[in-house]
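Encoded as structure tokens, the structure appears first; notes follow it.
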Amino acid sequence: MQSHFLIITGMSGAGKTQVVRTLEDLNYFCIDNLPATLIPKFAELCRQTSEKKVALVVDIRGGRFFNKLIDVLDEMEASGQKYELLFLSADDPCLVRRYKETRRRHPLGERTSLLSNIQHEREILEPLKKRATYIIDTSNSSSAQLRNQVQELVGESNAKAKMGIIIRSFGFKYGLPLDSDLVLDVRFLPNPFYVEELRPLTGNDQPIQDFLLRCEQTNTYLQLEENLLDYLIPQYINEGKAQLVISVGCTGGQHRSVFIANKLYEHFRTQGYNVEITHREITGKK
């Protein structure tokens, strides 16, 4: 099976960096600013390895190497190497504004003005634009909108499968997990620690589960929390978030937090999300 080659080019400031970040989240192997003359050798290397999703950014920053890109594309076609060419564009006022906001120098910085550099680059890229498999104009696109366009373009439109949810139980007395996006405090639930025969067990054990499920607060809380997260997570996805870390804490991280974390894991897994779970105080990983 051949590697899926996506070559990204286009106007400087049109969003190539955002595209690469999106593709990396989709498990593409990405290389930025690769000299065009190295593409055939790199393609051959990928054929000898297990890399099946590859994205290369080749643009005007490559200087004289960039001028060889059309010849390289012809060579790839002649050798039977399949590729897709994504061209990113934006109108002149948008590109000028972006450069003013970032205060970065245009790659063709030797010319007399920013606008003349942009217009000259557009002329240079016109032959590549005509060969493009896909053209995305980012003039009026937010980062989240561009991310969604790229996901649809490469056939990764299942947002639930792409959103990585990590659920972690922990004990507050050992400190908050530093990478948490959301922290749920379940210390208000009845504590099995004070039941002597339950104390040595964890939230993974059936007696702890039975004890907590007999409490009305537990069932009410689970329903409310699942409803809230069902609302929040699609909003995060729409804003381009690729991973969400939900930390569930009780006092010691052995009973209540483990049980609630397990319930949330089951809830999201049945909905088709890419979800993982860890129990920090049980595994000893802090």
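Keep in mind that the numbers below use all heavy atoms, side chains included, and drop hydrogens, waters and symmetry copies.
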Can you give me the closest heavy-atom contact between [X] and [Y], atom names plus distance?
X: Arg98; Y: Ser141; result: NH2-O, 4.4 Å
X: Gly175; Y: Arg280; result: O-NH2, 2.7 Å
X: Arg122; Y: Ala90; result: NH2-O, 2.9 Å
X: Ile70; Y: Pro127; result: CD1-CB, 3.7 Å
X: Pro192; Y: Ile208; result: CB-CD1, 3.6 Å
X: Ser139; Y: Cys94; result: O-SG, 3.7 Å

Hey, does [Y] have a side-chain heavy atom less than 4.5 Å from the side chain of [X]?
X: Tyr28; Y: Val154; result: yes
X: Val57; Y: Ile31; result: no
X: His255; Y: Leu212; result: no
X: Leu69; Y: Ile39; result: yes
X: Asn274; Y: Ile165; result: no
X: Ile246; Y: Asp181; result: no
X: Ile60; Y: Ser12; result: yes
X: Val258; Y: Ile282; result: yes

Near [X] [atom1], under 6.0 Å, is it more than 12 heavy atoms from other residues, nucleotides or ligands?
X: Leu224; atom1: CG; result: yes
X: Glu196; atom1: CD; result: no
X: Asn140; atom1: CG; result: no
X: Glu216; atom1: CD; result: no
X: Arg21; atom1: CZ; result: no
X: Arg104; atom1: CZ; result: no

I'd like to know if [Y] and [X] are part of one continuous hydrophobic network [Ile/Leu/Val/Met/Phe/Trp/Tyr, side-chain heavy atoms within less than 4.5 Å].
X: Ile237; Y: Val275; value: yes
X: Leu182; Y: Leu222; value: yes
X: Leu85; Y: Phe65; value: no
X: Val183; Y: Leu244; value: no
X: Ile135; Y: Leu73; value: yes

Nearest 0.5 Å, what's the [atom1]-[atom2] distance between [X] and [Y]?
X: Asp91; Y: Asp137; atom1: CG; atom2: CG; result: 6.5 Å
X: Gln151; Y: Leu146; atom1: CD; atom2: CG; result: 10.0 Å
X: Leu153; Y: Leu23; atom1: CG; atom2: CG; result: 8.5 Å
X: Ile167; Y: Asn262; atom1: CD1; atom2: CG; result: 9.0 Å
X: Phe42; Y: Thr37; atom1: CZ; atom2: OG1; result: 13.5 Å
X: Gln254; Y: Leu198; atom1: CD; atom2: CG; result: 13.0 Å

When you measure from the side chain of [X] to the backbone N and O of [Y], does any donor-acceptor pair fall under 3.5 Å?
X: Lys53; Y: Leu26; answer: yes
X: Asp205; Y: Pro207; answer: no
X: Thr220; Y: Gln217; answer: no
X: Glu75; Y: Pro40; answer: no
X: Thr138; Y: Ala14; answer: yes
X: Arg168; Y: Thr278; answer: no
X: Asn117; Y: His106; answer: no
X: Thr202; Y: Asn204; answer: yes
X: Ser169; Y: Ser257; answer: no
X: Thr9; Y: Val58; answer: yes

- Query: Which pairs with one or both residues in residues 187-225 pass ring-ring contact (aromatic ring centres under 6.0 Å, His included), sequence neighbours excluded?
  - Reply: Phe188-Tyr221
- Message: If you apply the rule salt bridge (Lys or Arg N to Asp or Glu O under 4.0 Å), what do you find for Arg147 with Asp25, and how did you get there?
- Response: CA-CA 10 Å; Arg147 181 183 183 89; Asp25 289 340; 3.0 Å; yes
- With Phe172 via ring-ring contact (aromatic ring centres under 6.0 Å, His included) - residues at least two apart: Phe170
- Query: For residues Tyr265 and Glu276, is any side-chain donor paired with an opposing acceptor at under 3.5 Å?
  - Reply: no
- Query: When you check the side-chain N and O atoms of Asp210 and Gln206, is any donor under 3.5 Å from an acceptor?
  - Reply: yes
- Passes side-chain contact (heavy atoms from CB on, under 4.5 Å), Asp185 versus Val248? Steps please. CA-CA 6 Å; Asp185 185 348; Val248 185; over 6 Å; no
- Message: Any salt bridge linking Lys16 with Asp32? Criterion: basic side-chain nitrogen under 4.0 Å from a carboxylate oxygen.
- Response: no
- Query: Please walk me through it: do Phe259 and Val186 pass side-chain contact (heavy atoms from CB on, under 4.5 Å)?
  - Reply: CA-CA 10 Å; Phe259 170 75; Val186 298; over 6 Å; no
- Message: Check for me whether the distance between the ring centres of Phe268 and Tyr273 falls short of 6.0 Å.
- Response: yes
- Run the numbers on Phe5 and Glu84 for side-chain contact (heavy atoms from CB on, under 4.5 Å), then give the verdict. CA-CA 6 Å; Phe5 253 77; Glu84 293 177 322; over 6 Å; no
- Task: Given side-chain contact (heavy atoms from CB on, under 4.5 Å), test Met11 with Ile118 step by step and report yes or no.
- Result: CA-CA 8 Å; Met11 298 295 294; Ile118 291 172; 3.8 Å; yes
- Task: Take Arg131 and Glu77 through the test salt bridge (Lys or Arg N to Asp or Glu O under 4.0 Å) and record every step on the way to the result.
- Result: CA-CA 12 Å; Arg131 297 184 62 149; Glu77 291 175 1; 3.1 Å; yes
